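Read through the structure below, which is laid out as C-alpha cells, and then see the notes.
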2 protein chains.
Amino acid sequence: MTVNASAKSSPSIRDVAKLARVSHQTVSRVLNDHPYIRPATRERVLAAMAELNYRPNRAARTLATSRSHTIGVLLTASASHYGPASTIAAVEEAARDRGYSVVLASPGRVEVAEFSDALDHLIREGVDGIIAVAPQIRAAAAVAKLHNPVPVVMIQCDSGDPRLSVDNRVGGKLAAEHLWRLGHRRLAHVSGPGDWSEATARRHGFEEALADVGSGPVAIAEGDWSAESGYRAFEHLRDSGCTAVFCANDQMALGLIHAAHDDGRRVPRDLSIIGFDDTPEAAHYLPPLTTIRQDFHMVGRRAVDSLLSALDGTPKHGRSIHPKLVVRDSTSAPA
Amino acid sequence: MTVNASAKSSPSIRDVAKLARVSHQTVSRVLNDHPYIRPATRERVLAAMAELNYRPNRAARTLATSRSHTIGVLLTASASHYGPASTIAAVEEAARDRGYSVVLASPGRVEVAEFSDALDHLIREGVDGIIAVAPQIRAAAAVAKLHNPVPVVMIQCDSGDPRLSVDNRVGGKLAAEHLWRLGHRRLAHVSGPGDWSEATARRHGFEEALADVGSGPVAIAEGDWSAESGYRAFEHLRDSGCTAVFCANDQMALGLIHAAHDDGRRVPRDLSIIGFDDTPEAAHYLPPLTTIRQDFHMVGRRAVDSLLSALDGTPKHGRSIHPKLVVRDSTSAPA
DNA sequence: GTCACAAATGTGACCGGTCACATATGACTT
DNA sequence: AAGTCATATGTGACCGGTCACATTTGTGAC
C-alpha cells in the first residue's frame, strides 16, 4: 500500500503525466505551448492539471533553464520619496504583464559598499536583469563599475538613454523661461544634492536658459530634497535680492514657502516660487504651486521595456520623455 | 582536449570541490556552517570558492529544500502613498538582514480578482510567506478567504494582532482629546475611505473619545486620502459650525487648509486642523500641521519578525505600537 | 507496398544544490 | 588489542522541471 502522493507536497509534472496517461515531457510541452500536441492530448493534460491543482515549480524551471524570469530592482534609500515609489509600482506592473517577477533590494545608505552588497544580493538571487533606481551620481558610478553578469538599466540618473529618464534639463529650462517671461530678472535656485544627476541636470537646464538671455542665477543653495532643507535654504537666498526661486522639487518649494512666510514675505507677491515633480499635494500648497510635471509611471514602464528587450536581444526605440510646465498661483509677475 | 568549465557558466559546488580536493558534500557543509569540518578543510574550500568567484545557486537550493527564502509583499495600488512606501522599505531591510529576499506584487486595482491574481503570482513564485499591505477591508477579506498554502501576515489593516499595526483607535482618541482640551466643542472629521480599516479605526477612536465627554462630531465627510479630497470635504463641513477638524491623514488636512483659506477662514484662528501620519512635509505646511505621528518603519520590521517566526514556529511577542501627538501651529484654542 | 517526411509522443540525462546514509579517522576506554 | 564513540568526509539518489535525442504514428508520392 503506497501513500498517495497528493497527500504529500504539491504535485509535479510527473503526477500530472501519470493522471493524463502521457509522458512528463508531453506535459512540459503543454506547459510551454509547444507545437505538435494533438488537441485531445492537450485537453487531457490540462484537465489533469486542473484536477491536481498543479502549479509549476519556478525553482525547477530556473535551474533547468538558467533563466529566472525575475528582475531585480535596486532602490536607494529614497524609497519613500514620491517619485521612486510610483516608479517601482509601474515597474512591477509592467514586469508582471510580461511574465516577470520583481525582487527588491534597497541599500540602507548611499555607500558604495552597501550598494554593491545589494547588487550582489540580487545577482545571487538569480535575477535575469536589474533596474537600478540610482539617482545619485556616485551610486550610478558604483553600479557601472561593478561589472555585472546581467544587464543593468539605470533610471533617474540621466544615464544617457533619453528614453529612460525625464529630460530634467528641459525641465530646468521650462522653469527659467516661465519666470523670465513673467518679468523676473533676479532668479535664484534651490538645487537638489550635488551628487544627484537629476539635480545637476535641472540646475544646468536652468542656468543654460538664463545664459541664453544673457543672465545667470543670483544665488544657488543646495538642499537634500526635503522640505526641511528647503526651509533652511532660505537663509542663503534672503539677501540675494532675488524675486523668484526655482526649487528642484516640490517638497523643497514647500519648505521655502514656509520660510519666506516666516520672514514676512508673501508668495508670489514678494517672491515667486516654482517647484518640480507635481506631486499630488502641490496643487494644495498655499499658494498652489507652479511646478514642472514629470511622468514617473512612464519611466517605470520604459525601464522594463528596455531591460527585457536587452534580454531578448530585440532593441527598442522610443522618444524621450518631456516634462511639462504646470502654472498655478505661486508665481506671478514681480511687484 | 576538454573545454575549461569556467569558460562556460558559473562554477558549481562540484567545481569548487574539485579545486579544493574534497567532495561536493563537504563544500555544501562549509556553505551551511555545519559542524564537524576541520578548520584546515574549511579554509581550503573557502579559498577555492574565492578563486572561482563561486556563487551558490538559489534555484538549486530552493529546489532541493523547498524553501525559497523569499517572502512576497502584496502591495495595493496605494504604493505611492507615503505610509506604504516607507513600510516596504523597512520590510526589505529587515528581510535581507535575515537572509530573505522580497518579491513584490501590486494588484492594479482593489478588485478581488486582481488581488487573488497577485497572491497567486507570489505563490507560484514560491515564496515562503506573504506580507500583505492590505489596508482596505475588502482586500483583507479577500486575502483571508483564499486559503493559502503559505502563511500570510496582513499589515495596516488592524488585523487583530496589535503588534502589526499602529493603534489607529488610540490615534483618533489623541486627536479628539487634544482638540477638546484646547476648548473646542464643535468637532468635525474628514475620514479616509469607509472600506479602509485604518480609516474606520481612526474615526471610531475619535468618536469614542468624544462620547466619553458626552459629545460627538458635528459633521463627518469621507475622503479618499488625497489632498484633493480634503479640499472637497470642506464643502460638507462649511455650515456645520465646527471650530476644529480632525483629518484622517496629513494630505487631506493640507487640502482642507487650502479650502478653508479659499473660503476666507484662517487656520488655526477660525478653524483648527489636525492631521494623521506626520509626513516629513507636515512640519512645513502653512501653518505647520499638528498631527499624529506613526512609525511606519516599525510596522515593517514587526511584520517581517512575525512572518519569519510563523515560518520557524517560534512565536514572538511584542507590545502594540502607539502613535504620538505632535503639536504644531494648526491647532489652537477657539476664538 | 514502401519510402520519405511531418506530426506526435516517449526516454533518460542534466541543472546545482541537499538529504540520508556509508565510511574513514582519531582519541579514549577497558 | 579491541571496542566505542565523536569527529570528519565521501557516495549516490533526489528535488521538478527542460534538453537532446529516439521512437512511433499518420499521410501522401511514387
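Throughout, protein chains are lettered first and strands after them, A, B, ... in sequence-line order, and every chain is numbered starting at 1. All of these numbers come straight from a predicted model, not from anything done at the bench. Side chains included, hydrogens not; waters and symmetry mates left out as well; all remaining heavy atoms used.
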- [ ] Using a 4.0 Å heavy-atom cut-off across all strands, classify B:R55 as base, sugar-phosphate, or nothing.
- [x] sugar-phosphate

- [ ] Give B:T41 one of three labels, base, sugar-phosphate or nothing, depending on what nucleic acid heavy atoms sit under 4.0 Å from its own.
- [x] sugar-phosphate

Open item on the list: Using only modelled atom types and a 3.5 angstrom limit, is any donor from either the side chain of A:R14 or the base of D:dG17 paired with an acceptor on the other?
Closed with: yes

TODO: Compare the minimum distances between each of D:dC19, C:dG10, D:dG17 and the side chain of A:T26, then state the nucleotide with the smallest one.
DONE: C:dG10

Task: Qualifying residue, where the test is side-chain contact (heavy atoms from CB on, under 4.5 Å) with B:I130 and the options are B:V73, B:L119, B:I71 - done: B:L119

- [ ] Between C:dC15, D:dG10, C:dG17, spot the one nearest the side chain of A:A64, thanks.
- [x] C:dC15

Open item on the list: Counting only side-chain heavy atoms from C-beta out, which of D:dG17, C:dT11, D:dG10 sits nearest to B:V22?
Closed with: D:dG10

- [ ] Would you mind telling me which of C:dT18, C:dG17, D:dT18 lies closest to the side-chain atoms of A:S28?
- [x] D:dT18

Open item on the list: Using whole Å, what does the distance between atom P of nucleotide D:dG10 and atom CZ of B:R29 come to?
Closed with: 8 Å

- [ ] State, yes or no, whether a side-chain contact exists between B:Y54 and B:I13 at a heavy-atom distance under 4.5 Å.
- [x] yes

Open item on the list: More than 12 heavy atoms of other residues, nucleotides or ligands under 6.0 Å from CZ of A:R98: yes or no?
Closed with: yes

Task: Length of the line joining B:I37:CD1 and C:dG26:P, which is rounded to integer Å - done: 17 Å

TODO: Specify the separation, in whole Å, of atom OH of A:Y36 and atom C1' of C:dT9.
DONE: 13 Å

Open item on the list: From NE2 of A:H34 over to P of D:dG17, roughly how many Å is that when rounded to an integer?
Closed with: 14 Å

- [ ] Scan A:P35 against the nucleic acid and name what it touches under 4.0 Å (heavy atoms): base, sugar-phosphate only, or nothing.
- [x] nothing

Open item on the list: Any side-chain N or O of B:N57 below 4.0 angstrom from OP1/OP2 of C:dC15?
Closed with: no

TODO: Might you confirm whether atom CZ of A:R67 has over 12 heavy atoms from other residues, nucleotides or ligands at distances under 6.0 Å?
DONE: yes

Task: Candidate nucleotides D:dG17, C:dG16, C:dA8, ranked by approach to the side chain of A:R38 - the nearest - done: C:dA8

Open item on the list: Just the rounded figure in Å: distance from C1' of C:dG16 to CZ of A:R61.
Closed with: 18 Å

TODO: Among D:dG10, C:dT11, D:dA8, find the nucleotide with the atom closest to the side chain of A:Q25.
DONE: C:dT11

Task: Gap between atoms CZ and P, on B:R67 and C:dC19 respectively (whole Å) - done: 11 Å

Open item on the list: If I take atom CG in residue B:L63 and atom C1' in nucleotide D:dT18, what distance separates them, rounded to the nearest angstrom?
Closed with: 12 Å

Task: Euclidean distance, B:R61 CZ relative to B:S28 OG, rounded to 0.5 Å - done: 7.5 Å

